[in-house]
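Residue numbers start from 1 in every chain, and the chains themselves are labelled A, B, ... in the order their sequence lines are given, proteins ahead of strands. Values below: all heavy atoms of this structure, side chains included; hydrogens, waters and symmetry mates excluded.
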2 protein chains.
Amino acid sequence: MKYIDKLRNSGLRPTKQRLQICEVLFNTERTFHFTINELEQKIKDKIDNKISLATIYNTVHAFEKKGYLKQIPVNSNQTYFDTNITDHHHFYNLKDGKLIDLEKSDVGPINIKRKIDGKKIKSIEVLVKLED
Amino acid sequence: MKYIDKLRNSGLRPTKQRLQICEVLFNTERTFHFTINELEQKIKDKIDNKISLATIYNTVHAFEKKGYLKQIPVNSNQTYFDTNITDHHHFYNLKDGKLIDLEKSDVGPINIKRKIDGKKIKSIEVLVKLED
DNA sequence: CAGCTATTTAGAACCATTATAAACTGCAGA
DNA sequence: TCTGCAGTTTATAATGGTTCTAAATAGCTG
């Protein structure tokens, strides 16, 4: 019931699958990073019924388009998503492929001096790669 | 002959294929961004013989490991590489998927205030997404 | 030149993601 | 409550970038 309005207000029908995925993604103490496969596993663990992989892909993309999830730009064979949609950046641990949030206040202001005619900046994302 | 020493000094045998790929990648006025498919096409256009796709993958990865190429962290189904290995950042035009270099001097210093125990920073990469 | 190892190659395999098309479901209007 | 339609879900197939394989080839050292 918690997420019905959120979905309806976005023009997404509050189906059973979407509501269950909302529970897994948003009914948590902390935000987190995930790949589709990791999310699929989390869903399997938390709910009794089965949600098709295609539905998980569809839902994640729908939520991303509505701004409830963000993709994280990392070079990996899988796509990483973030339930933290605030303006922030990431450490990327090269050793194990794990991401760590860097709050905006951890990075300091970023001043882009160059402009491209007719274009505006949609987002600025910083990836800090870590090694041992 | 221009690239033989470069390869040998890196522990890479200067094979015909690697030398030809060097010509395409490095014997240019400007640096550029590319995907493997784009590079394959460029190679086809510039040389008469055929280089196997597997060799192109192998070579690009070998060059990346040696620091002659950099991967660019962008969410795309293909991996983007850059022949510009200086410390710099990128605009990413969401409309057409094209990248534009942002020199380090175009961005200003980036101050990462947070530290992770036992890890050091290998690189800091900024991706500035552009929309209309 | 001989022999060893690195490299190249074509093709198969892999695997994340997307497309398909049929079944199902939420919901607005009767 | 019932009906019907558009939006969703689903299993499965298809796609496509990348990696693997194992046999052939080519540098290189002695």
**Student:** When you check the phosphate oxygens OP1 and OP2 of D:dT9, does a side-chain N or O of A:Ser52 lie under 4.0 Å from one of them?
**Tutor:**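 No.
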**Student:** Would the number of heavy atoms belonging to other residues, nucleotides or ligands and lying under 6.0 Å from CG of B:Asp117 be above 12?
**Tutor:**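 At most 12 heavy atoms, drawn from other residues, nucleotides or ligands, come within 6.0 Å of this atom.
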**Student:** On the ring face of A:Phe32, is A:Lys42 found with NZ or CZ under 6.0 Å from the centre and within 45° of the axis?
**Tutor:**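 Verdict for A:Phe32: a cation-pi partner in A:Lys42.
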**Student:** State, yes or no, whether a side-chain contact exists between B:Val128 and B:Tyr92 at a heavy-atom distance under 4.5 Å.
**Tutor:**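 No - every pair of side-chain heavy atoms lies 4.5 Å or more apart.
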**Student:** Atom NZ of A:Lys65 and atom OG of A:Ser10: how far apart are they, to the nearest 0.5 Å?
**Tutor:**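 The NZ atom of A:Lys65 sits 13.0 Å away from the OG atom of A:Ser10.
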**Student:** Starting from the 5' end of DNA chain D, give me the residue, B:Leu53 or A:Arg18, whose nearest nucleotide shows up first.
**Tutor:**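 This one resolves to A:Arg18.
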**Student:** Could you check whether B:Glu131 pairs with A:Lys119 (Lys NZ or Arg NE/NH1/NH2 to Asp/Glu carboxylate O, under 4.0 Å)?
**Tutor:**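 No salt bridge links B:Glu131 with A:Lys119.
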**Student:** If you assign B:Ala54 and A:Ala54 each to the DNA chain D nucleotide with the nearest heavy atom, which residue ends up on the more 5' nucleotide?
**Tutor:**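 Closer to the 5' end of DNA chain D: A:Ala54.
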**Student:** Strictly under 4.0 angstrom, non-hydrogen atoms only: write out the protein contact profile of nucleotides 23-30 of chain D, one letter per nucleotide from the 5' end, B, S or -.
**Tutor:** ----BS--
**Student:** A:Thr79 side chain N/O closer than 4.0 Å to the phosphate oxygens (OP1, OP2) of C:dT17?
**Tutor:**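 Yes, such a contact exists.
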**Student:** Using OP1 and OP2 only, check whether a side-chain N or O of B:Asn77 sits under 4.0 Å from C:dT17.
**Tutor:**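 So the side-chain polar atoms of B:Asn77 never come under 4.0 Å of the phosphate oxygens OP1 or OP2 of C:dT17.
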**Student:** Give the residues of residues 56-64 of chain A touching DNA chain C, defined as any heavy atom closer than 4.0 Å, sorted by residue number.
**Tutor:**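 Residues of residues 56-64 of chain A that come under 4.0 Å of DNA chain C are, in numerical order, A:Tyr57, A:His61.
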**Student:** Could you give the CG-to-C1' distance, from B:Asn37 to D:dG16, as a whole number of Å?
**Tutor:**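 B:Asn37 atom CG is separated from D:dG16 atom C1' by 9 Å.
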**Student:** Looking at B:Asp132 and A:Lys120, is any side-chain nitrogen of the basic one under 4.0 Å from a carboxylate oxygen of the acidic one?
**Tutor:**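 Not counted as a salt bridge, because no side-chain N and carboxylate O are separated by less than 4.0 Å.
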**Student:** Cation-pi check, A:Lys2 to A:Phe26: give yes when NZ or CZ is under 6.0 Å from the six-membered ring centre and within 45° of the ring axis, no otherwise.
**Tutor:**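 Judged by the rule, A:Lys2 and A:Phe26 form no cation-pi pair.
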**Student:** Using a strict 4.0 Å threshold on nitrogen-to-oxygen distance, state whether B:Lys70 and B:Asp82 make a salt bridge.
**Tutor:**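 No, this pair does not count.
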